[in-house]
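None of the values given here were measured: they were computed from a predicted structure. Lettering follows sequence order; numbering is per chain, from 1. Values reported hereafter were calculated over all heavy atoms of this structure, with side chains retained and with hydrogens, waters and symmetry mates removed.
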Protein chains: 2
Amino acid sequence: MPRNRRPQDREEKRGEIVAAATRLFVDEGYDSTTVARIGREAGVTSNTVYWYFKDKDEVLVAVLDALFAQFLAGVAQRSAEPPVEQLLWAVGELRRVDRLITTVHARVAASESLRVWHDGFHAQVEAVLRWHLAALGVPEAEQDAMTRIGVFVVEGMLTHTGDAEGDRAVVETLVRSARGIAAVPGSADSR
Amino acid sequence: MPRNRRPQDREEKRGEIVAAATRLFVDEGYDSTTVARIGREAGVTSNTVYWYFKDKDEVLVAVLDALFAQFLAGVAQRSAEPPVEQLLWAVGELRRVDRLITTVHARVAASESLRVWHDGFHAQVEAVLRWHLAALGVPEAEQDAMTRIGVFVVEGMLTHTGDAEGDRAVVETLVRSARGIAAVPGSADSR
DNA sequence: ACCTGAACACCGTTCAAGT
DNA sequence: ACCTGAACACCGTTCAAGT
């Protein structure tokens with residue numbers, strides 16, 4: 001069966017490259033990681049990386065896909081926990097890859113495929129947050145703004161390290177704000 | 001008077017380099033701007049830039065200092081306006097340099113002087129925000145968390161473009177949250 | 001189809017040499 | 001003190017050539 005043997009090998013090698021790149025990008029950063037190094041850790045030459053990926057940014061997209069899938073699995077497992085704990089866990093998890101998040105922002109302007117990935121990522125994160133807000137009782141009219149605030153705060157926590165108590169205070173204040181909005185909806189009508 | 005003629009020329013040339021770099025960094029981005037290009041626009045060779053600055057990151061710090069001073073002057077002029085308008089103005093202003101903000105985050109790990117600048121910038125922004133929160137009546141115990149949230153939201157708005165109505169909704173919701181926290185302080189005592 | 005050696009293009013930075 | 005020409009080091013990417 002030579003017809004389906006090749007594709008399997010291909011996925012395998014590709015996976016090794018992605019695994020090596022993931023380790024290097026997370027530990028040393030995107031800029032500090034040369035394509036040659038990625039290849040070496042995967043047992044090939046730098047040129048070979050270009051047989052599997054269009055360019056270095058495509059490698060990054062593959063790495064992000066892998067990391068994000070892992071992350072979503074963790075989110076699903078914790079869906080029963082209270083919102084504050086879920087958010088704190090997510091922040092702690094994503095913070096391990098904070099360098100990559102900054103890299104994504106720095107490169108969306110230069111790479112079209114990275115821009116697509118970034119937009120998709122935001123859409124998914126926003127969907128999850130909106131779900132939580134609805135569950136907390138935030139009326140639909142306020143969900144857009146609250147969702148954006150939530151995304152911004154999460155992203156800010158990732159890129160600016162804070163201690164455990166500080167993080168908890170931020171998340172608790174945020175959730176309390178959402179509850180406050182839920183209790184007193186509207187901005188100009190009532191009162 | 002040859003004793004104070006030289007220093008003046010020096011500041012002049014240095015200023016031209018910073019002016020050229022500012023234009024290029026803002027319009028084309030830090031990565032896309034070569035040191036050679038900065039020099040050319042200032043009428044010198046790339047090597048000459050290195051006589052005035054230790055490296056490309058130092059040029060960036062000088063550019064940031066210039067832009068930030070300009071920004072602070074604008075803030076001072078608008079101190080009488082209501083908080084929402086002040087914040088919206090600040091966001092609009094900073095958004096014009098959103099690329100640089102991303103660049104700063106991408107390079108703090110690599111450049112010590114950039115890290116120092118970034119920390120100082122945050123300290124000043126936080127001081128301004130804390131002042132507003134105190135004015136809104138947010139109790140001291142909650143100011144830390146609310147300040148961090150404010151910084152994160154502002155930064156998020158800069159790096160993620162939104163339309164005018166969306167921006168206004170976010171800022172209004174944020175200020176309303178602060179007022180809500182001010183009205184019902186504490187998280188576990190009163191109920 | 002998969003992989004490599006060699007080379008190209010580009011860029012930040014340095015150095016010896018000029019005035 | 002100020003500036004330059006030439007060169008170095010490094011890196012992403014490509015290409016012709018192998019199996």
Atom pair distance, as rounded to whole Å: [atom1] in [X] and [atom2] in [N]:
X	N	atom1	atom2	result
B:Leu60	C:dT13	CG	C1'	17 Å
A:Asn47	D:dC11	CG	C1'	13 Å
B:Trp51	C:dT19	CH2	C1'	14 Å
B:Lys56	D:dC10	NZ	C1'	15 Å
A:Lys13	C:dC2	NZ	P	12 Å
A:Glu58	D:dG12	CD	C1'	14 Å
B:Arg14	D:dC2	CZ	P	12 Å
A:Asp57	D:dC11	CG	C1'	14 Å

### Task
Under 4.0 Å between any heavy atoms, over every strand shown, what does A:Ser32 touch: base, sugar-phosphate, or nothing? Just pick one.
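No contact.
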### Query
Distance only, no hydrogens: is a donor on one side chain within 3.5 Å (strictly under) of an acceptor on the other, for B:Glu155 and B:His160?
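B:Glu155 vs B:His160: no donor-acceptor pair found between side chains.
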### Message
Less than 3.5 Å apart, any donor N or O on the side chain of B:Glu58 or B:Ser113 sitting next to an acceptor on the other?
### Response
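There is such a pair (donor and acceptor under 3.5 Å, judged by atom type) between the side chains of B:Glu58 and B:Ser113.
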### Message
Nearest to the B:Tyr50 side chain among C:dG12, D:dC3, D:dG12, which nucleotide is it?
### Response
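Selected nucleotide: C:dG12.
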Can you check whether [X] has a side-chain N or O nearer than 4.0 Å to OP1 or OP2 of [N]?
X	N	answer
A:Thr48	C:dT4	yes
B:Arg10	D:dA1	no
A:Thr45	C:dT4	yes
A:Tyr52	C:dC3	yes

### Message
Walk me through whether A:Phe25 and A:Tyr30 qualify under ring pair (Phe, Tyr, Trp, His ring centres under 6.0 Å).
### Response
CA-CA 5 Å; A:Phe25 285 170; A:Tyr30 180 82; 5.1 Å; yes
### Task
Any strand is fair game: report the nucleotide pairing with C:dA7 by Watson-Crick or G-U wobble, both distances under 3.5 Å, or none.
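Answer to the pairing question: D:dT13, which forms a Watson-Crick or G-U pair with C:dA7.
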### Complementary nucleotide of D:dG18, counting Watson-Crick and G-U pairs under 3.5 Å
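Partner of D:dG18: C:dC2.
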### Task
Could you tell me whether A:Arg96 atom CZ has more than 12 heavy atoms of other residues or ligands within 6.0 Å of it?
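No, the 6.0 Å shell around CZ holds no more than 12 heavy atoms from other groups.
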### Query
Do A:His105 and B:His105 come close enough that some side-chain heavy atom pair is under 4.5 Å?
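Not touching, per the 4.5 Å side-chain cut-off.
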